[in-house]
Participant: 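I'd like to ask some things about the structure below.
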Amino acid sequence: MYGLIDCNNFFASCERVFNPSLRNQPIVVLSNNDGCIIARSDEAKAVGIPMGAPVFQMREIIKANNVHVFSSNYILYGDMSNRVMSILAGMVPELEIYSIDEAFLHLDGFSELYKLDDFAHYLIKYVGKSTGIPVCLGIAETKTLAKLANHYAKKNKLLTKGLYVLDSEEKIITLLKTTEIGDVWGIGRRYSKFLMQKGIMTAYDFTQASAGWVRKEMSVVGLRTWKELRGEPCIELDHTPSAKKSICTSRSFGHKLTKLPDIEQAMTYYASACARKLREQESCARVMTVILYTDYFRKDLPQYTPSLTMQLPVASNDTMELTHYAIEGLRKIFKDGYSYKKAGVIVSEIIPQSHVQGNLFDTVNRSKRMRLMNAIDRINETSGRDKVRLASFGFDRHWVNRRDQLSPNYTTNLKEIIVVK
DNA sequence: TCTGGGGTCCTAGGACCC
DNA sequence: TCTGGGGTCCTAGGACCC
C-alpha cells in the first residue's frame, strides 16, 4: 500500500506553531513580493478567500474578518518541512519527499488492515505532537488513489480524523464516483475541460473510458493515470532525490526598474543563487539563460520580454563566472525605455561536478576557485546566507522584494527564537 | 498602486545520418 | 514509369505538478 501524507495548510500552519494566539484565527500567507495569497488557514478559506488571489483585491475581506497576513518565510517553512520529513523517515520503511509539504510512504509489512489503521493514526498524532504541524494521510494501492484518499481525508477531517484508507472495492468506487475529474492527480485544467466536454465528469467516468482512447487523446501520461485509478500501480516510489536538470532563480522586483545598474545587481543575486544551488547538488551547468520581463499586467505600457541563452565555455557552478555571463547576457538584451518588473536566470544542461569537460583555452584556475567557493559556502552556512557575496550585489538594493509582514525565523536564527514568559 | 516561483515529462516535426 | 528503410538529435510547444 502507498500512503500520501500531506501537511494541512502548510505555510499557514508553520506561522501558527510558534504563535499560538493565531489558533482558530484566519491566516493567509503571501507569495514573494507580497503579491498573491498562496496559503490559507481553514478559517481564511471559510470567509471566501480564494487560492492565488492578488492580495490587493482581497483588502476588504481581509479587513472585515481580521485576517492575519504574512509574507512568505521560506527559511521557516523549509526548516519545518525538514522536521516533518525526518520524523517520517524514521517511522516508515520507505519515503519519497514529493514536495515541501507532501510525502509518499511505502507501507509494507502491515498484513492485517486494522494494524495499518492503528499505525496510521499514530503517525498522524506523532507528527503533530513533535512538530506542531497537523497532517492528513491517505492510503491506497496506487499513488494516484492514495492522493484521492488523502484529499477525502482532508475534506472530511472531523469524520476521518485525518486518515482515509481505500481498502475495499466499494470504497474505491464510491470515492471515484464522487471525485470531480479535475481533482484527480495528473488531470490539470486543460485535460479536465477536454474530458468534461466528452461527458467525463468524474474520476469513475474516466476509468470507464477505453485504454486506447485515453492513450490516443492523452498520451502515455494520461494512460498511467487511468491505470492507477483502476488500481494498477504504474508510478513507483522514487526515494532518491535526483539532481535537478534545470535550475531557475527569478523574482519580481519590489518596484519597476528602468536602469541597467539596478537590474545588474538583481542579476548578480539570481546568478549567485543558481551557482549556490548547483553546488548544493554537486553539479555544474553548461548553459545559461537570462530573462527580463516588463509588467505583463500593464497593457498600457510597452512590453518587452527578451531572453538570451548562452553556452558556457566550461560547465560551471562558480558564482563569479556565472555572474559574469549573466551580466554580459543582460547587457545584450537590455534596452532603455522600458520599465522592468522581473528578471531571472536559468541554468541547464546540468552535469555532475566530477564530469566537467575541460577547455583548451580555459584561463580559470578551477580547482582554486572551487576551494574558494567551498570556503564561502561554509561561512555562509554558519553566518547567514549571502554574508560573503560579490560586490556587484550592491548595497542600495533597489530591487529587493517587499516582505512587509515577515514572521521571525523561529527555528533557524538565535536572535529570533521564541520568547517564553 | 498592488498580480509568485519553482520544476518535470511527452510529442510532433524537422533536420540530419547511413 | 519507376523513387527505401532505418535511425538519432534537437526544438518548440503543451501538458502536468507543488
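Here is how names work: the chains are called A, B, and so on, in the same order as the sequence lines, proteins then strands, and each is numbered from 1.
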Participant: May I ask you to say what A:K193 touches in the nucleic acid, namely base, sugar-phosphate or nothing, with a heavy-atom cut-off under 4.0 Å?
Facilitator: nothing

Participant: I need the full list of ring pair (Phe, Tyr, Trp, His ring centres under 6.0 Å) pairs touching residues 312-336 of chain A, with sequence neighbours left out, sorted by first then second residue.
Facilitator: A:F334-A:Y340

Participant: Looking at every heavy atom in both A:I49 and A:I61, which two are closest together, and how far apart are they?
Facilitator: CG1-CG2, 4.0 Å

Participant: How would you label the contact of A:I247 with the nucleic acid (heavy atoms, under 4.0 Å): base, sugar-phosphate, or nothing?
Facilitator: sugar-phosphate

Participant: Does A:Y269 reach the side chain of A:R251, with side-chain heavy atoms less than 4.5 Å apart?
Facilitator: yes

Participant: Determine the contact category for A:T249: base if any of its heavy atoms lies under 4.0 Å from a base atom, sugar-phosphate if only primed atoms, P, OP1 or OP2 are that close, otherwise nothing.
Facilitator: sugar-phosphate

Participant: What stems involve DNA chain C, if each pair must be Watson-Crick or G-U and both of its distances must be under 3.5 Å, with 3 or more such pairs in a row?
Facilitator: B:5-18 with C:5-18

Participant: Counting the atoms with a prime plus P, OP1 and OP2 as sugar-phosphate, which does A:V29 contact under 4.0 Å by heavy atoms, base, sugar-phosphate, or nothing?
Facilitator: nothing

Participant: Regarding A:S407 and A:N73, do their side chains bring together a donor and an acceptor under 3.5 Å, going by distance alone?
Facilitator: yes

Participant: Under 4.0 Å between a Lys/Arg side-chain N and an Asp/Glu carboxylate O for A:K143 and A:E96?
Facilitator: yes

Participant: Between A:D79 and A:T411, is any side-chain donor less than 3.5 angstrom from a side-chain acceptor?
Facilitator: yes

Participant: Would the A:Y2 and A:F104 ring centres measure less than 6.0 Å apart?
Facilitator: no

Participant: 5' to 3' on DNA chain C, which nucleotides open and close the contacts with chain A (atom under 4.0 Å from a heavy atom)?
Facilitator: C:dA15 to C:dC18

Participant: A:E43 versus A:H68: any side-chain heavy-atom pair under 4.5 Å?
Facilitator: no

Participant: Quick one, which residues of residues 294-324 of chain A touch DNA chain C with a heavy atom under 4.0 Å?
Facilitator: none

Participant: Using a cut-off of strictly less than 4.0 Å between a heavy atom of the residue and any atom of DNA chain C, enumerate the qualifying residues of residues 62-69 of chain A by number.
Facilitator: none

Participant: Contact class for A:D101 (heavy atom, under 4.0 Å): base, sugar-phosphate, or nothing?
Facilitator: sugar-phosphate

Participant: Specify the residues of residues 199-238 of chain A, ordered by number, for which at least one heavy atom lies under 4.0 angstrom from an atom of DNA chain C.
Facilitator: none

